[in-house]
Amino acid sequence: MADGTQYCTFWVGSLYLGTDVHKVQEVMRTLEMTPVPLAPHAVRGLINLRGQIVTAIDLRRRLGLPERAADQEPMNVVMRTDDGAVSLLVDEIGDVIEVNEDAFEPPPDTLQGDARALIKGVYKLNGQLLLILDSVKTASSELTLSLAN
C-alpha cells in the first residue's frame with residue numbers, strides 16, 4: 001500500500017486509538033511521575049525522561065473515561081509537539097499499522113463530549129474502528145506545563 005499512512009495504535013478503555021507514527025518519539029512502560037499541584041485534571045504529573053521534563057497527560061481523563069484500575073499501570077506514548085515532548089498515558093500499546101487514506105471518514109455521531117473534540121476521524125478496520133487522535137488538541141498548550149520560568 002504505497003499511498004497509506006502509518007499510525008502508532010493503542011487502547012484506552014474500549015477505544016482503539018491511533019496517532020501519526022511520525023509524531024511519536026518513543027513508547028515505554030510506566031515511568032515515575034511527580035504530581036503537580038493545581039494542574040489541570042488530565043495532567044497526571046511530570047516525567048524525567050533522560051533529563052528532559054515531560055508532561056504526562058492521562059488519556060482516560062482527557063477523553064472523559066473512568067479511571068483505570070489501581071493495579072493497572074499506564075503505558076507512555078511520548079509524542080513530539082511544537083512545545084516539546086508530551087507523554088500520553090494509555091492502557092495498552094498496539095501495533096504500527098498502515099491504512100489507506102481513501103478509507104478515512106469523519107468521526108461517528110456516537111462519539112460525544114471530550115472524545116469528539118479530540119478525534120479527527122476514523123478508519124473502519126476488520127470489526128473495529130481506529131479513532132485518529134488530533135495530536136495538537138490532545139496535547140494542547142493549556143494542558144502542558146511551561147517549565148521555562
Side-chain angles (χ1 to χ4, degrees), residues 5-49 52-99 101 103-148:
T5 301
Q6 290 187 327
Y7 292 98
C8 173
T9 65
F10 40 88
W11 294 91
V12 178
S14 63
L15 300 178
Y16 185 49
L17 300 160
T19 191
D20 186 331
V21 75
H22 296 103
K23 296 199 182 288
V24 177
Q25 179 176 312
E26 57 191 298
V27 175
M28 62 192 62
R29 296 219 166 271
T30 303
L31 297 171
E32 187 176 331
M33 267 180 273
T34 303
V36 180
L38 306 177
H41 180 66
V43 174
R44 284 281 299 272
L46 299 176
I47 296 170
N48 184 336
L49 184 62
Q52 180 182 21
I53 303 302
V54 176
T55 303
I57 298 172
D58 191 327
L59 270 188
R60 277 184 170 268
R61 292 178 178 179
R62 190 78 172 101
L63 294 168
L65 299 173
E67 297 283 329
R68 70 183 50 80
D71 63 345
Q72 184 183 13
E73 292 288 335
M75 304 282 288
N76 291 272
V77 176
V78 181
M79 298 181 54
R80 290 182 291 271
T81 72
D82 291 342
D83 298 325
V86 173
S87 176
L88 301 180
L89 301 178
V90 303
D91 295 346
E92 187 180 331
I93 302 298
D95 295 317
V96 171
I97 65 168
E98 188 169 339
V99 292
E101 278 303 308
F104 188 75
E105 298 181 17
D109 293 336
T110 54
L111 273 180
Q112 299 297 319
D114 294 337
R116 183 159 192 82
L118 299 177
I119 302 299
K120 288 197 299 192
V122 301
Y123 290 97
K124 290 180 183 169
L125 304 177
N126 297 334
Q128 65 187 1
L129 287 179
L130 172 61
L131 306 172
I132 303 303
L133 277 179
D134 182 322
S135 57
V136 173
K137 286 182 183 175
T138 303
S140 65
S141 56
E142 72 255 15
L143 284 181
T144 55
L145 303 174
S146 173
L147 300 169

Kindly compute the distance separating CG (Leu31) from CG (Leu46), expressed to the nearest 0.5 Å.
-> 12.5 Å
Do Glu73 and Arg29 meet the salt-bridge criterion of a basic N to acidic O distance under 4.0 Å?
-> no
List for me each residue that meets salt bridge (Lys or Arg N to Asp or Glu O under 4.0 Å) alongside Asp109, sequence neighbours excluded, and say none if there are none.
-> Arg116
From His22 atom NE2 to Arg80 atom CZ, the distance as rounded to the nearest 0.5 Å | 9.0 Å
Test side chain to side chain contact (heavy atoms under 4.5 Å, CB included), reference Thr81, set Thr138, Val86, Val136, output is Val86
Tightest non-hydrogen contact, residues Lys124 and Glu105, listed as CE-OE1, 3.5 Å
When every non-hydrogen atom of Leu130 is compared with those of Gly18, the smallest separation belongs to CD1-N, 3.7 Å
Student check: side-chain heavy atoms of Glu26 and Leu49 closer than 4.5 Å = yes
Drop me the distance from Asp20's CG to Asp134's CG, to the nearest 0.5 angstrom.
-> 11.5 Å
Audit row: Ile132, Thr19, side-chain contact (heavy atoms from CB on, under 4.5 Å) steps and yes/no = CA-CA 6 Å; Ile132 303 303; Thr19 191; over 6 Å; no
Arg61 and Ala42 have their tightest heavy-atom pair at CB-CA, 3.8 Å
If every non-hydrogen atom of Glu101 is compared with every non-hydrogen atom of Tyr123, which pair is closest and at what distance?
-> OE2-OH, 2.9 Å
Interatomic distance, CE@Met28 vs OG1@Thr30, rounded to 0.5 Å, equals 11.0 Å
How long is the span from the CZ atom in Arg44 to the CZ atom in Arg62, to the nearest 0.5 Å?
-> 15.5 Å
Test item: Ile57 and Leu89 side chains (from C-beta on) under 4.5 Å apart, heavy atoms | no
Which pairs, with at least one residue in residues 85-94 and sequence neighbours excluded, count as a side-chain hydrogen bond (donor to acceptor under 3.5 Å, both in side chains)?
-> Arg60-Asp91, Arg68-Asp91, Asn76-Ser87
Quick one: does Leu125's side chain get under 4.5 Å of Ile97's, heavy atoms only?
-> yes
Could you pull out the closest heavy-atom pair between Val122 and Pro106, with the gap in Å?
-> CG2-O, 3.8 Å
For Glu32, side-chain hydrogen bond (donor to acceptor under 3.5 Å, both in side chains) partners two or more places apart | none
Among Leu15, Asp95, Leu17, whose side chain to side chain contact (heavy atoms under 4.5 Å, CB included) with Phe10 holds?
-> Leu17
Considering non-hydrogen atoms only, spot the tightest contact between Leu133 and Ile119 and give its length.
-> CD2-CD1, 3.8 Å
From Met75 atom CE to Leu59 atom CG, the distance as rounded to the nearest 0.5 Å = 13.5 Å
